[in-house]
Peer 1: 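Here's a structure for you.
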2 protein chains.
Amino acid sequence: MVRNMVLTTSEIDKLLDNAKLRHTKQRAQLAKMLFKAENRHFTAEQLHKEARTAGHTISLATIYNTLHQFRSAGLLRQVIVEPGKVYFDTNTEPHHHFYIEDDGELLDVERNEVKISTLPEIPKNCNIREMDVIIRLRKK
Amino acid sequence: MVRNMVLTTSEIDKLLDNAKLRHTKQRAQLAKMLFKAENRHFTAEQLHKEARTAGHTISLATIYNTLHQFRSAGLLRQVIVEPGKVYFDTNTEPHHHFYIEDDGELLDVERNEVKISTLPEIPKNCNIREMDVIIRLRKK
DNA sequence: AAGGTTTTTAGAACCATTCTAAAAAAGAAA
DNA sequence: TTTCTTTTTTAGAATGGTTCTAAAAACCTT
Ligand SMILES: [Mn+2]
Ligand SMILES: [Mn+2]
Ligand SMILES: [Zn+2]
Ligand SMILES: [Zn+2]
């Protein structure tokens with residue numbers, strides 16, 4: 001998918017088709033807000049506020065529904081760094097995070113920026129699903 | 001602190017003294033439940049249920065109060081791996097975790113079992129507070 | 001346009017956690 | 001021990017992010 005600019009209408013159509021989701025006003029608006037050049041980390045409520053500010057009429061329930069649908073389609077992933085709050089991430093490549101605790105900001109760390117040379121033995125009967133590295137930061 | 005057995009009454013006294021907490025029945029009961037030979041990972045509600053089962057009369061509010069006090073005293077740390085739920089950990093050494101997603105179980109990974117040879121550049125004006133590695137597992 | 005299906009929505013429900021404020025316990029002073 | 005002050009415990013209310021419910025709106029096919 002092209003990602004070096006705002007998506008065109010036909011690119012949004014394609015995105016929703018690929019995700020096997022019907023083309024609705026709300027899904028198109030959210031797709032357009034989310035899938036631009038830069039990756040983003042955000043919560044459902046932040047996105048809701050942003051959509052309303054942009055003049056879109058969309059309920060919080062639809063934000064949640066759509067985010068989960070995008071996630072099932074592999075367009076978003078979740079990041080858990082704080083109790084009682086879920087971040088969504090447009091970067092679906094395996095990667096890691098800085099978390100600036102002072103203001104709740106997440107920053108990407110490319111996978112190759114953290115070189116892990118030794119791994120512990122995995123418990124029997126288990127497979128690795130994912131490995132998260134979270135580097136928690138405080139501002140000086 | 002001795003940790004290769006159940007704590008004696010005087011060891012619990014010492015633990016509460018060090019934490020600058022008054023010696024109450026509830027705090028002593030919880031300390032005795034928590035600080036044994038093996039480290040534990042648990043939620044507040046799990047601990048509440050366990051305390052009631054052991055015949056102790058203690059409210060959930062006191063469980064939360066005490067866990068936070070123990071944490072401030074450096075006797076416990078929190079682990080965040082799932083939305084809407086906080087795990088407490090009696091292992092306060094820097095270390096990492098396996099998280100078995102199927103049954104919500106946390107397992108310790110010693111710090112030296114994960115060798116990290118390259119770290120990304122830390123954003124300006126920030127210091128590392130902590131680094132968490134969570135290896136998410138699924139049962140075969 | 002009609003009919004059947006999916007989506008959106010407002011508001012209720014949920015649930016782990018925190019808060020409130022009153023009763024109980026602890027400690028100090030006498 | 002009695003009294004006084006401070007801290008702790010507690011039941012239950014409140015909170016807040018998320019999910020659920022079920023009815024209205026939008027969508028798609030015929
Ligand atoms: Mn939020
Ligand atoms: Mn719990
Ligand atoms: Zn990211
Ligand atoms: Zn641990």
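Labels below follow one simple rule: chain letters A, B, ... track the order of the sequence lines, proteins then strands, and each chain is numbered from 1.
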Peer 1: Distance-only, no hydrogens or angles: does the Asn91(A) side chain make a donor-acceptor pair with backbone N or O of Asn39(A) under 3.5 Å?
Peer 2: no

Peer 1: Tyr64(B) side chain N/O closer than 4.0 Å to the phosphate oxygens (OP1, OP2) of dT17(C)?
Peer 2: yes

Peer 1: To the nearest Å, how far apart are Lys85(A) NZ and dT15(D) P?
Peer 2: 18 Å

Peer 1: Specify the separation, in whole Å, of atom NE2 of His48(A) and atom C1' of dG16(D).
Peer 2: 15 Å

Peer 1: Within the 4.0 Å limit for protein heavy atoms, which parts of nucleotides 1-9 of chain C are touched? Write it as a string from 5' to 3', B for base, S for sugar-phosphate only, - for none.
Peer 2: -----SSBB

Peer 1: Per the side chain to side chain donor-acceptor pair (under 3.5 Å) rule, which among His95(A), Gln78(A), Arg40(A) passes with Asp89(A)?
Peer 2: His95(A)

Peer 1: Using whole Å, report how far CG of Asp17(B) lies from P of dG27(C).
Peer 2: 10 Å

Peer 1: Would you kindly give the CG-to-P distance between Asp13(A) and dC28(D), to the nearest whole Å?
Peer 2: 11 Å

Peer 1: Side chains of Arg27(A) and His23(A): do they bring a donor and an acceptor to under 3.5 Å?
Peer 2: no

Peer 1: Apply salt bridge (charged side-chain N to carboxylate O under 4.0 Å, His left out) to Asp132(A) and list each qualifying residue two or more places apart in sequence or on a separate chain.
Peer 2: Arg77(A), Arg136(B)

Peer 1: Whole angstrom is fine here: how far is it from CD in Gln46(A) over to C1' in dG16(D)?
Peer 2: 15 Å

Peer 1: Provide, to the nearest angstrom, the distance between the OH atom belonging to Tyr87(B) and the C1' atom belonging to dA16(C).
Peer 2: 13 Å

Peer 1: Got more than 12 heavy atoms from elsewhere within 6.0 Å of CD, Glu110(B)?
Peer 2: no

Peer 1: Using only heavy-atom distances, determine whether the side chains of His41(B) and Asp108(B) contain a donor-acceptor pair under 3.5 Å.
Peer 2: yes

Peer 1: Tell me what His68(B) touches on the nucleic acid: a base, only sugar-phosphate, or nothing, going by heavy atoms under 4.0 Å.
Peer 2: sugar-phosphate

Peer 1: Give the rounded distance in Å between these two atoms: CG of Leu16(A) and C1' of dA26(D).
Peer 2: 15 Å

